[in-house]
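Okay, so here's the structure we're looking at.
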Amino acid sequence: MKNNNAILITGGAGYIGSHTVVELFKAGYYPIIVDDFRNSNKSVIEGLTELMGESPIFYVIDVCDKTALEKLFLHYSFKGIIHFAAYKAVGESVADPLMYYRNNILGLVNVCELALKYNVNNFVFSSSCTVYGEPKELKEVSENTPKSEPNSPYGNTKLIGEQLLLDVQKSNKAFKVINLRYFNPVGAHPSSLIGEFPIGKPNNLLPFVTQTAIGKQESLLVFGNDYPTNDGTCIRDYIHVCDLAMAHVKAMMFLENKTEECIEAVNIGTGTGTSILEVINLFEKVSGVKLNWKFADRRKGDVIEIYANAKKANDLLNWKANYSIEDAILHAWNWEKKLVEHV
Ligand code: NAD
Ligand code: WQD
């Protein structure tokens with residue numbers, strides 16, 4: 001089909017992908033979702049339909065199945081690709097690294113091979129601040145900060161993914177790439193029509209906070225209280241998922257307009273670090289709910305403190321975060337309450 005604005009969104013039914021589909025659609029793009037719902041909930045389609053005013057176009061395909069994926073490239077002439085589809089649980093990747101290498105690397109190889117074969121030259125990749133590992137001196141990392149070893153096989157798949165794209169770009173100068181290095185995505189759409197659906201016990205902090213407050217979890221364990229930070233707990237850069245979604249729109253626009261070769265890594269964060277205790281205090285303030293939490297041992301492999309220098313995102317993509325962390329926490333809490341109403 002010849003829609004000149006079609007963008008392939010692998011993993012578009014997932015947490016970040018679904019929010020990005022909405023922002024792309026609002027910006028006039030025509031998102032085509034590929035997802036086999038292995039880590040997402042089919043009800044996301046209802047939320048997307050309500051937000052877009054029409055059903056999103058989606059195909060239930062495993063990106064590791066190249067034959068099935070190729071049919072889409074024959075059907076649509078894509079203007080660009082945003083590749084979200086991947087596994088993302090750090091602990092699971094330590095237990096089963098090959099499952100992570102298979103899905104995250106094979107999926108990327110397939111999508112890249114098809115992109116080259118069908119001349120789809122604008123490519124945005126979901127990378128992660130995990131590629132920086134533990135920052136050595138400055139906790140504010142820029143794209144030029146030397147990378148340490150990622151702390152997991154999952155992190156390695158992101159580092160390898162970036163390297164793979166660099167090599168592909170070197171041999172195909174028409175292929176333009178932006179690796180977006182997300183910091184810690186949190187929150188949900190302000191409408192509460194879409195959000196995150198953690199499957200099983202959440203690994204990430206904010207879903208654990210909201211699930212504890214609603215009574216799905218008994219108590220939040222705060223991993224470590226003796227780190228060399230202001231209050232002894234770890235510090236992260238929490239970025240609202242809608243701001244993050246907008247970064248993909250800006251990245252796609254940038255690539256479309258770029259006439260020279262392009263391979264760029266860009267941090268997507270707020271530029272501010274927040275400790276776990278600060279998150280808990282803000283949650284209690286925003287929600288009016290007292291949280292049941294206690295200190296526990298440090299979690300193995302945790303980075304102590306990291307936050308983004310987001311200047312390049314602003315300079316290159318004309319992007320910056322607009323939502324505050326209070327907004328993100330409020331939207332995450334509203335979403336949690338909505339999930340309870342609907343079960
Ligand atoms: P998610 O699990 O909610 O979304 C990923 C989507 O991809 C899911 O809907 C899943 O069903 C789909 N998927 C996975 N493998 C697939 C396959 N082989 N074929 C088809 N669909 C497949 O995760 P998310 O939080 O939205 O993350 C999206 C991307 O961003 C991932 O690449 C992740 O590694 C990266 N990332 C996430 C975070 C985070 O904290 N959420 C941070 C940095 C980077
Ligand atoms: C944040 C802080 C925990 C849960 C992970 C991945 C990273 C990236 C984002 C994809 C840490 C603490 C957490 C809990 C806690 N993902 N915590 N109790 O570790 O920064 O990053 O997600 O690329 O690769 O590693 O995020 O939300 O898991 O943890 O005390 O129940 O909250 O120890 O200090 P993290 P997180």
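Note that ligands are numbered from 1 as they come in the structure, with each ligand's atoms numbered from 1 the same way. All values below come from the heavy atoms of this structure, side chains included, with hydrogens, waters and symmetry mates left out.
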For [atom], the option (of [options]) bearing the nearest heavy atom:
| atom | options | answer |
| --- | --- | --- |
| atom 28 (O) of ligand 2 | Glu305, Gln217, Arg299 | Arg299 |
| atom 18 (N) of ligand 2 | Leu221, Leu205, Asn184 | Leu221 |
| atom 5 (C) of ligand 2 | Val222, Ile235, Thr157, Asn204 | Asn204 |
| atom 1 (C) of ligand 2 | Phe223, Trp293, Tyr238 | Tyr238 |

Any atom of ligand 1 sitting under 4.0 Å from a heavy atom of [X]?
| X | result |
| --- | --- |
| Thr10 | no |
| Ser127 | yes |
| Glu196 | no |
| Phe197 | no |
| Pro185 | yes |

Of all the non-hydrogen atoms in the protein, which one sits nearest to [atom], and at what distance?
| atom | value |
| --- | --- |
| atom 28 (C) of ligand 1 | Phe84 O, 3.8 Å |
| atom 20 (O) of ligand 2 | Arg236 NE, 2.4 Å |
| atom 12 (C) of ligand 2 | Ile276 CD1, 3.4 Å |
| atom 4 (C) of ligand 2 | Asn203 O, 3.5 Å |
| atom 43 (C) of ligand 1 | Tyr182 CD1, 3.4 Å |
| atom 16 (C) of ligand 1 | Arg38 NE, 3.5 Å |
| atom 33 (O) of ligand 2 | Asp302 OD2, 2.4 Å |
| atom 23 (O) of ligand 2 | Tyr154 OH, 2.6 Å |
| atom 4 (O) of ligand 1 | Gly14 CA, 3.4 Å |
| atom 26 (O) of ligand 1 | Ile16 N, 2.8 Å |
| atom 5 (C) of ligand 1 | Ala86 O, 4.0 Å |

In this structure, which one of Leu206, Ile214, Val209 forms a side chain to side chain contact (heavy atoms under 4.5 Å, CB included) with Trp333? Ile214
Side chain to side chain contact (heavy atoms under 4.5 Å, CB included) partner of Val124, the single match among Ile81, Ile9, Leu255: Leu255
Answer yes or no: does an N/O atom from Cys64 fall short of 3.5 Å to an N/O atom of ligand 1? no
His83 N/O under 3.5 Å from ligand 1 N/O: no
Can you list the ligand 1 atoms lying under 4.0 Å from a non-hydrogen atom of Ser40? 8 (C), 9 (O), 11 (O)
Could you tell me, atom by atom, which parts of ligand 1 come under 4.0 Å of a heavy atom of Ile61? 19 (N), 20 (C)
Please state whether the rings of Tyr118 and Phe73 are parallel, tilted or perpendicular, taking 30° and 60° as the class boundaries. tilted
What atoms of ligand 2 come closer than 4.0 angstrom to any heavy atom of Ser128? 10 (C), 23 (O), 24 (O)
